[in-house]
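Below is one structure, written out as structure tokens; comments come after it.
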Amino acid sequence: MLYSEKVMDHFKNPRNVGEIENADGVGEVGNVKCGDIMKIYLKIENNIIVDVKFKTFGCGSAIASSSMATEMIKGKSIDDALELSNKAVVEALDGLPSHKIHCSVLAEEAVKAAVRDYYDKNGIEYDKTKFCDGDCCHCGKHQDVEE
Amino acid sequence: MRIYADNAATTRVSKSAVNAMLPYFEEIYGNPSSLNTTGQIAAEALGKLRCEIAELINAKPQEIYFTSGGSEADNQAIITAAKTGEKKGKKHIISTKFEHHAVLHTLNKLEKEGFEITLIDVNENGVVKAEDVEKAIREDTALVTVMFANNEIGTVQPIAEIGEICRNKGVIFHTDAVQAAGHIAIDVEALKVDMLSVSAHKFHGPKGVGFLYCRKGIYLRNLIEGGAQERGKRAGTENLPGIAGMTAAMKEAVEKIDENAKKLIPLRNRLIEGLEKIPHSRVNGDKEKRLPGNVNICFEGIEGESLLLLLDEKGIEASSGSACTSGSLDPSHVLLSIGLPHDVAHGSLRLTISEENTVEEMDYIISSVTEVVDYLRQISPVWEELQKGTREYIL
Ligand SMILES: Cc1ncc(COP(=O)(O)O)c(C=O)c1O
């Protein structure tokens, strides 16, 4: 099989699907041209992610990665969420095929984009270099994670 | 329940093909090149099979060269015409944008070796215009190669018209008939084709066997050097079981072409009509000039791989031209060639049915696809934007 059981489980029964009305932070990364878009909604109270939802346009591993990533940051502090790496998502999913690793990168970046939106909305200072611009077709920054 | 609807990828080997192969493992196992009795029995059988194949496309037995399948036949045909042309200073080749990679990648290789390649546009309906081919022909054109029927969208090309043009202009004409053979009648004389590729596993024959038809008078070049098999043009001890299976399968398919088409076309049309009811969808390729078993449709706002996986869960086996399934960032070159934007090409679904499928299966496919597309749209941010009006519908 192409995917692990964990991936198939999160793909078939994705956790935290949907939208949050008046979310405190919304992040969207990816590009329809490349075939993946992830959108993450955060509800934040006292620096804690009290709720998170996502919507994803993409392949099985993209949907599974978003589902897993949202599970991993739910109830965590913002700082913890920013620490979420694509590697951790891949490990939690019991691995992804090498040509699908970019889906986990997308999940990591979607979380960051949502936090950044929260920072922007609330006038909180942050280090811009740590966030991506969401243009996955032209980023090329993640080659090192391909293996 | 499992519904196999991926017959353009490959087919189930028919009972008659299996039965035709069996004697070649334990009884007629000789090497046709051996002078002993066992070998000569095999040689005789091979000769007979070659005659039978030739008859099915109205060719002569000496014009049939058995190969390992469609890819090899395509490679050999193109390399042959290129080398023949080169000798006369002709280094221009005409083809189309939506050929199989067995053709396109061979042409890429030739381009690097100094050949000039013209890839003709495919119209929005996925059918090449013969007049476009005619216009592209030059003094130095060595080959025209246009596929008989496309493997993704199933559109059938005006092969007889192109054959006529090429014959009049004295240009070698090759057609990749891998998807057409056994599904559409082929007469190489009437069609005026010079070379034609066929693969057994697309019409209920075994995998790894096919043939190249090469008109008498064209000097075929070897891809594989070695023994003198296939009149010295293709070395390697012949795959007799495979050739026997292919011959039986092709005979059966050709005999039943009309019967199968009569059964398949209503099934295909039922499927198309049912799936077209899904809003913001589009059928890819001409609905008339189309293989009897091919359905290809795009759904806006969703991605093809996730659609395939969920359909597989429901027992439906299909394929898609999305980037995720092609293993690159780009969706299928075929869908792009008919002018589909990337955005919707990612959401394509190919269902290729066979005469083994039923009406009930079509209805089950329609309801399942409708359900899965609806679900995937609900979790798609692209669909959300389309619905909210912040993104414009393409379909
Ligand atoms: C149009 C076309 N040409 C060539 C091929 C290659 O045939 P084979 O798999 O026998 O090498 C295929 C099958 O995938 C095909 O659909």
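First the proteins, then the strands, lettered A, B, ... as listed; each starts at 1.
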Given a strict heavy-atom distance threshold of 4.5 Å, which part of [X] is in contact with chain B: side chain, backbone, both, or neither?
X       : answer
A:Ser66 : neither
A:Phe54 : neither
A:Ile37 : both

Under-4.0 Å salt bridge between [X] and [Y]:
X        : Y        : result
B:Lys388 : A:Glu19  : yes
A:Glu108 : A:Lys112 : yes
B:Glu276 : B:Lys287 : yes

Do the rings of A:Phe57 and B:His346 sit parallel, tilted or perpendicular, given the 30° and 60° boundaries?
-> perpendicular

Check whether B:Arg377 gets within reach of chain A through its side chain, its backbone, both or neither, counting any heavy atom under 4.5 Å.
-> neither

Interchain contact, B:Glu313 with chain A, by part (heavy-atom threshold 4.5 Å) = side chain

Option that, when pairs with chain B are counted at under 4.5 Å, heavy atom only, ranks first among A:Cys59, A:Pro14, A:Gly60, A:Gly18 | A:Cys59

May I ask you to decide if B:Glu152's main-chain N or O and B:Asn294's side chain share a donor-acceptor pair within less than 3.5 Å?
-> yes

Of the listed residues (B:Ala345, B:Ser306, B:Gly347), which shares the most heavy-atom pairs with chain A below a 4.5 Å separation?
-> B:Ser306

Does A:Lys128 count as lying over the ring of A:Tyr126, i.e. NZ or CZ under 6.0 Å from the six-ring centre, within 45 degrees of the axis?
-> yes

